[in-house]
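Numbers restart at 1 for each chain; the letters A, B, ... are given by sequence-line order, proteins then strands.
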2 protein chains.
Amino acid sequence: MAKSPNESRAYHHGNLKEALIEAGRQILEEEGLDKLSLRGVARRAGVSQTAPYHHFKDKETLLAAIAQTGFQDLAGAARKALKEGKSPQDQLDRYGAGYVEFAAKHPALFNLMFSGQLSSDKDHTEFLETASVSFELLRQCVAQVLEANGAPPNLTDIRTLSSWSIVHGLATLIIDGRVAPEDYACTSAKDLAAKMLGC
Amino acid sequence: MAKSPNESRAYHHGNLKEALIEAGRQILEEEGLDKLSLRGVARRAGVSQTAPYHHFKDKETLLAAIAQTGFQDLAGAARKALKEGKSPQDQLDRYGAGYVEFAAKHPALFNLMFSGQLSSDKDHTEFLETASVSFELLRQCVAQVLEANGAPPNLTDIRTLSSWSIVHGLATLIIDGRVAPEDYACTSAKDLAAKMLGC
DNA sequence: AAAGTATGTTGACATTGTTAAGATTTGTGT
DNA sequence: ACACAAATCTTAACAATGTCAACATACTTT
């Protein structure tokens, strides 16, 4: 019933869907979004040009699936930050640094994740749910910081947005080449994030 | 020697270069970046498919020129904020609100301006200079706020980056559909920016 | 007016996203 | 086991796009 990755080449290809997502993500990270073509993905996966259409409605749907894997990884980084943080504030700082670090390490993927073309037209409900996980974790983190500081909890919404904005803004500015960590006496995007959040 | 816009149709077309930029910006704002093709721009300008190549090296160069007009407008909004602000802090708040408002009103253009593809490979020096004007204005603004608060001026760099990050982050989150002003009891992106900056 | 340059057009090519039609493999009911 | 439907994959084809080459026309300079 479920796919059996052990049994080599169980079906025509095994599980092409995941192979296409993986191939697409590789091309994306190696060559950028504009070099990512459906045909190129199929080529790397070793199948015909139109094979992907049996697993994805169109190119945008494949992109959404690739972006979804990015959101899963981003949520993983967030969970790690919350686990390793010594205090609510420390958790929040680690969250921000991890967020920016992720963006700097996967610029094309990060841009795709927040490209905005994936949320409007089509379905992508599953994609949107995955995308909201990191945000919910941030929200919990901010709520704890407010509680620890004795601040009213009705500030949670707007403070969460503030925190998200500042780390997301820094991440995009670095990715797009508008800000270089070296200009701020920092050796990495993560360092710059920590420095900025510490002000 | 110089072009004479008065004399109607002075040359073959008058000044195709600016017409192409204008046509491109229209298509960009009406239909989005993925619908913006060189051929489409040429079509709207009423010229042949390859006419743009006599004014722009390639599509990316045209996009850079379009983005440059966006940075000019953004700098105009910034200047207006600095002129109308009653105090350094008020200037800074108006700058942020204007920044987000501009992004919300020109989402596709704003995304293009910060797409990051325009700064790496090619020349685009003129484009980069124009792009840095808004940033310099923000820097002056932040410096005045610090001075008014008696804070040390060596914080200017990092504080400017913080301010830029938070408004830029909010702008992109709104543009990409990750944040809706209505979810924060705001009627516009500008209002949400003001609300957030006031915390 | 001649020559040269700037600007514009037509034609062509490779690449891309996508659809249509057909072939092959897998699962299902008997 | 076997026929049949569903899933999966392939080839062929189409329109659209970015770009180049070759050619034509308009303007400038002398």
Side-chain angles (χ1 to χ4, degrees), chain A residues 1-24 27-28 31-66 112 115 117-118 121-124, chain B residues 1-24 27-28 30-66 112 115 117-118 121-123:
Chain A
M1 182 169 278
K3 302 121 190 170
S4 57
N6 298 336
E7 192 171 337
S8 66
R9 220 163 59 73
Y11 212 137
H12 281 170
H13 175 280
N15 50 354
L16 222 203
K17 189 169 187 177
E18 293 188 11
L20 290 170
I21 295 174
E22 177 58 24
I27 295 178
L28 178 65
E31 311 185 38
L33 180 57
D34 43 332
K35 298 292 184 185
L36 177 59
S37 69
L38 249 187
R39 293 164 106 108
V41 172
R43 231 175 280 138
R44 177 170 298 217
V47 293
S48 175
Q49 312 161 348
T50 58
Y53 282 92
H54 292 273
H55 300 273
F56 302 97
K57 183 180 174 299
D58 52 17
K59 184 183 182 182
E60 185 182 323
T61 308
L62 205 213
L63 292 181
I66 296 172
L112 173 64
S115 69
Q117 305 173 346
L118 307 177
D121 284 20
K122 319 251 174 160
D123 226 12
H124 301 157
Chain B
M1 182 171 281
K3 302 119 192 173
S4 57
N6 298 336
E7 192 172 336
S8 66
R9 219 163 59 71
Y11 214 140
H12 282 171
H13 174 281
N15 50 354
L16 223 204
K17 188 169 186 177
E18 293 188 9
L20 289 170
I21 295 174
E22 177 59 23
I27 296 179
L28 178 65
E30 292 171 6
E31 313 184 39
L33 180 57
D34 44 332
K35 298 291 183 186
L36 176 60
S37 69
L38 249 187
R39 293 164 105 106
V41 172
R43 232 174 278 137
R44 176 169 297 215
V47 293
S48 175
Q49 313 161 348
T50 57
Y53 282 93
H54 291 274
H55 300 272
F56 302 97
K57 180 179 175 299
D58 51 17
K59 184 183 182 183
E60 185 181 322
T61 307
L62 206 213
L63 292 180
I66 296 173
L112 174 64
S115 68
Q117 304 174 346
L118 307 177
D121 285 21
K122 319 251 173 162
D123 228 12

Using atom CZ of Arg44(A) as one end and atom P of dT16(C) as the other, report the distance to the nearest whole Å.
-> 13 Å
Whole-Å distance separating the CG atom of Leu16(A) from the C1' atom of dT25(C) = 14 Å
Going from CD on Gln117(B) to CG on Leu112(B), what distance comes out if it is rounded to the nearest 0.5 angstrom?
-> 8.5 Å
Verify, without hydrogens or angle tests, whether Ser37(B) (side chain) and Gly40(B) (backbone) share a donor-acceptor contact under 3.5 angstrom.
-> yes
Could you give the distance from NZ (Lys17(A)) to NE2 (His54(A)), rounded to the nearest 0.5 Å?
-> 13.5 Å
dT9(C) P sits how many Å from Leu38(B) CG, rounded?
-> 14 Å
Starting from P on dA16(D), measure out to CG on Leu36(B) and report it in whole angstrom.
-> 17 Å
If we only count heavy atoms from C-beta on, is the Leu28(B) to Leu63(B) side-chain gap below 4.5 Å?
-> no
Which atom of Leu16(B) lies closest to which atom of Ala45(B), heavy atoms considered = CD2-CB, 4.2 Å
Within the pair Arg43(A) and dT16(C), is there a side-chain N or O less than 4.0 Å away from OP1 or OP2?
-> yes
Taking the nucleotide of DNA chain C with the closest heavy atom to each, which residue, His54(A) or Arg39(B), is nearer the 5' end?
-> Arg39(B)
Can you check whether His55(B) has a side-chain N or O nearer than 4.0 Å to OP1 or OP2 of dA6(C)?
-> no
Taking the nucleotide of DNA chain C with the closest heavy atom to each, which residue, Ser48(B) or Gln49(A), is nearer the 5' end?
-> Ser48(B)
Rounded to whole angstroms, how far apart are NZ on Lys17(A) and P on dT8(D)?
-> 10 Å
Closest to the side chain of Tyr53(B), out of dT8(D), dT19(D), dG8(C), is dT19(D)
Find the distance Leu33(A):CG to dG17(C):P and express it as a whole number of Å.
-> 11 Å
Calculate the interatomic distance between Leu20(B) atom CG and dT7(C) atom C1'; express it in whole Å.
-> 12 Å
What is the distance from CG of Asn15(B) to C1' of dA26(D), rounded to the nearest Å?
-> 16 Å
For dT10(D), does either OP1 or OP2 sit under 4.0 Å from a side-chain N or O belonging to Thr50(A)?
-> no
